S.K.: 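Quick one: structure below, then a few questions.
Just so we're on the same page: letters track the sequence lines, and every chain starts at 1. From a predicted model like this one, the values you see are computed outputs, not experimental measurements.
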Amino acid sequence: MPELPEVEVVRAGLAPAVSGATVLGVAVLDERALTRHAGDGADFERALTGRVLRTAARRGKFLWMPVHGAGEAVVAHLGMSGQLLLRAPGSPPERHERVRLDIAHPDHGDLAVVFADQRTFGSLALDALVPTADGAAGGWGTDEAVVPTQVAHIARDPLDPAFVDAAFVVAARRKRSAIKRILLDQTVASGIGNIYADEALWAARIHPETPAADMSTRALRRLLAEVRSVLEKALAEGGTSFDAQYVNVNGQAGYFAHSLNAYGRTGQPCPRCGHPIVRVGFMNRSSHYCAHCQRRPRAVS
DNA sequence: GGAATAACCTGGATGC
DNA sequence: TGCATCCAGGTTATTC
């Protein structure tokens, strides 16, 4: 599932290909890929054709490509199964292809940027850019202090130089929810999904249902350090791929699935203590943890 | 206003 | 073999 490392791998692959490229044509094959776009497919095609893309930027799991001189950007979210692929012009349609942008780059020549998405949870949109709340750069891959309006409510991710640890601690301790819910809340810290939340909690030896308000500042900072460690390792290994759902812009899978300690390892021994990893339902999804070294906190009476 | 839950969606895995 | 059901989960609208 595309979380921060997977989206960053896609952004890094996309950036050199789209920076300075002119959009020659747009083909919307499935308008469900434009659920975040204010207009219809024809509007999306008309608004982008002939425009010049400037770069590829990212905050959390959101990607955007600013349009030169327009104060707008093409915003992309990969959802559960979205892919952004670079293909040769005129290449055969990808399975589940939803949108195709034909572009011309001054150095790399003609290319096709293909948005494919099996489950159609992902989307593209043309959206206005607005100033960031803190005046810092919008995210990775850009020096400009702007973000698309659809991304403005998303917090910075823990690898962002402008991320403020103290603000995370304050926000987390103000909540009455379980710590895993906080990690998945993109308005507190972005880029973390179910996989890396489970992995960071395992590394920090924290039970996923620990009330965030009961955690000490020290424990929250330790968890944040483990979040960063897990994200950086996954990024170095090209992200986590369980099947063909997540690939980079060239269609290649990442290797971090081999390094997982808790997620998806139900019944297998905990790499730390040997007790079996358990899986429990949580927020319409699953939590994986070691019940031995991630002890459930005692109820406060 | 904050927190919890349901809905969106498709294809692979599983059970019968 | 074929059909039905379950499951995966990011985001957001709705409900409590």
Side-chain angles (χ1 to χ4, degrees), chain A residues 1-8 10-11 29-38 58-64 75-84 93-99 115-125 127 147-155 157 170-201 208-214 227 231 234 239-247 253 256-257 260 262-267 277-289:
Chain A
M1 315 303 161
E3 301 180 29
L4 186 155
E6 293 77 34
V7 181
E8 175 54 26
V10 171
R11 186 207 67 78
L29 308 178
D30 188 336
E31 297 213 4
R32 289 179 299 175
L34 299 179
T35 51
R36 292 171 185 272
H37 182 65
R58 180 192 59 77
R59 177 184 289 198
K61 303 169 193 171
F62 282 86
L63 275 171
W64 68 93
V75 185
H77 194 289
L78 302 180
M80 289 288 297
S81 53
Q83 301 173 339
L84 278 166
E94 297 291 326
R95 197 176 185 201
H96 309 301
E97 180 168 328
R98 311 293 182 192
V99 179
F115 179 69
D117 190 9
Q118 177 199 100
R119 298 179 198 171
T120 67
F121 277 26
S123 64
L124 297 180
D127 190 23
V147 286
T149 61
Q150 297 177 14
V151 186
H153 69 292
I154 298 296
D157 62 66
V170 170
R173 297 192 70 184
R174 204 164 42 207
K175 305 270 188 181
R176 284 178 291 173
S177 306
I179 186 59
K180 180 167 178 183
R181 187 181 286 272
I182 306 300
L183 287 179
L184 296 176
D185 185 342
Q186 303 298 298
T187 66
V188 178
S190 66
I192 307 162
N194 206 37
I195 297 173
Y196 298 118
D198 280 357
E199 289 301 304
L201 288 165
E209 292 179 30
T210 304
D214 293 348
V227 167
L231 293 176
T240 304
S241 303
F242 294 106
D243 46 29
Q245 291 299 302
Y246 160 70
V247 293
F256 192 70
L260 295 173
Y263 182 87
R265 300 190 68 248
T266 309
I277 298 292
V278 297
R279 180 173 75 96
V280 297
F282 184 83
M283 290 174 63
N284 287 334
R285 37 185 64 80
S286 298
S287 272
H288 307 76
Y289 64 95

S.K.: Quick one: A:H153 NE2 to C:dT11 C1', roughly how many Å, whole number?
M.R.: 8 Å
S.K.: Which whole-number value in Å describes the distance from A:M80 CE to C:dT12 P?
M.R.: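 Taking atom P of C:dT12 as the reference, CE of A:M80 is at 15 Å.
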S.K.: For A:I192 and C:dT11, give me the distance from atom CD1 to atom C1', rounded to whole Å.
M.R.: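 Result: 16 Å.
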S.K.: Nearest whole Å is fine: how far is C:dG10 C1' from A:N194 CG?
M.R.: 10 Å
S.K.: Does A:H96 have any ring pair (Phe, Tyr, Trp, His ring centres under 6.0 Å) partners at least two apart in sequence or in another chain, and if so, which?
M.R.: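 Per chain and number, A:H96 pairs via ring pair (Phe, Tyr, Trp, His ring centres under 6.0 Å) with no residue.
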S.K.: Rounded to whole angstroms, how far apart are CD1 on A:I154 and C1' on C:dG10?
M.R.: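 Result: 10 Å.
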S.K.: Okay, side chain of A:R11, backbone of A:F62: is any donor-acceptor separation there less than 3.5 Å?
M.R.: no
S.K.: Examine distances only and state if a side-chain atom of A:S123 and a backbone atom of A:H77 form a donor-acceptor pair shorter than 3.5 Å.
M.R.: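 A pair under 3.5 Å: no.
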S.K.: Could you tell me whether A:T35 contacts a base, only the sugar-phosphate backbone, or nothing, with contacts defined as non-hydrogen atoms closer than 4.0 Å?
M.R.: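 Answer is nothing: A:T35 stays at 4.0 Å or more from every strand.
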S.K.: Could you tell me whether the side chain of A:E3 and the main chain of A:K61 form a donor-acceptor pair under 3.5 Å?
M.R.: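 No; judged by distance alone, with no hydrogens or angles, the pair does not exist.
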S.K.: What residues from residues 171-182 of chain A pass a heavy-atom cutoff of under 4.0 Å to DNA chain B?
M.R.: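 The answer is A:K175, A:R176, A:S177, A:R181.
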S.K.: Measure from CZ on A:F121 to P on C:dT12 and round the result to the nearest Å.
M.R.: 13 Å
S.K.: Is the closest side-chain heavy-atom distance between A:L4 and A:Y196 below 4.5 Å?
M.R.: no
S.K.: Does a donor on one side chain sit under 3.5 Å from an acceptor on the other, for A:S81 and A:D117?
M.R.: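 Judged by distance alone, the side chains do pair up.
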S.K.: By nearest atom, which of the nucleotides C:dT11, C:dA8, C:dG10 is closest to the A:Q186 side chain?
M.R.: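 Within the option list, the nearest is C:dT11.
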S.K.: Which nucleotide span of DNA chain B, 5' end to 3' end, has atoms closer than 4.0 Å to non-hydrogen atoms of chain A?
M.R.: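 From 5' to 3', the first and last contacting nucleotides are B:dA3 to B:dG12.
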S.K.: Are A:H77 and C:dG10 close enough that a side-chain N or O sits under 4.0 Å from OP1 or OP2?
M.R.: no
S.K.: For A:L124 and C:dG10, what is the distance between atoms CG and P respectively, to the nearest whole Å?
M.R.: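 To the nearest whole Å, that distance equals 19 Å.
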S.K.: Take A:N194 and A:K180 through the test side-chain contact (heavy atoms from CB on, under 4.5 Å) and record every step on the way to the result.
M.R.: CA-CA 9 Å; A:N194 206 37; A:K180 180 167 178 183; 2.6 Å; yes
S.K.: Is there side-chain contact between A:Y289 and A:V280, with heavy atoms separated by less than 4.5 Å?
M.R.: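 Answer yes - side chains close enough.
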S.K.: Tell me: CG of A:L4 to P of C:dG10, nearest whole Å?
M.R.: 13 Å
S.K.: Does the A:Q150 side chain pair with the main chain of A:R36, one donor and one acceptor, at a distance under 3.5 Å?
M.R.: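 Checking the backbone N and O of A:R36 against the side chain of A:Q150, a donor-acceptor pair under 3.5 Å is found.
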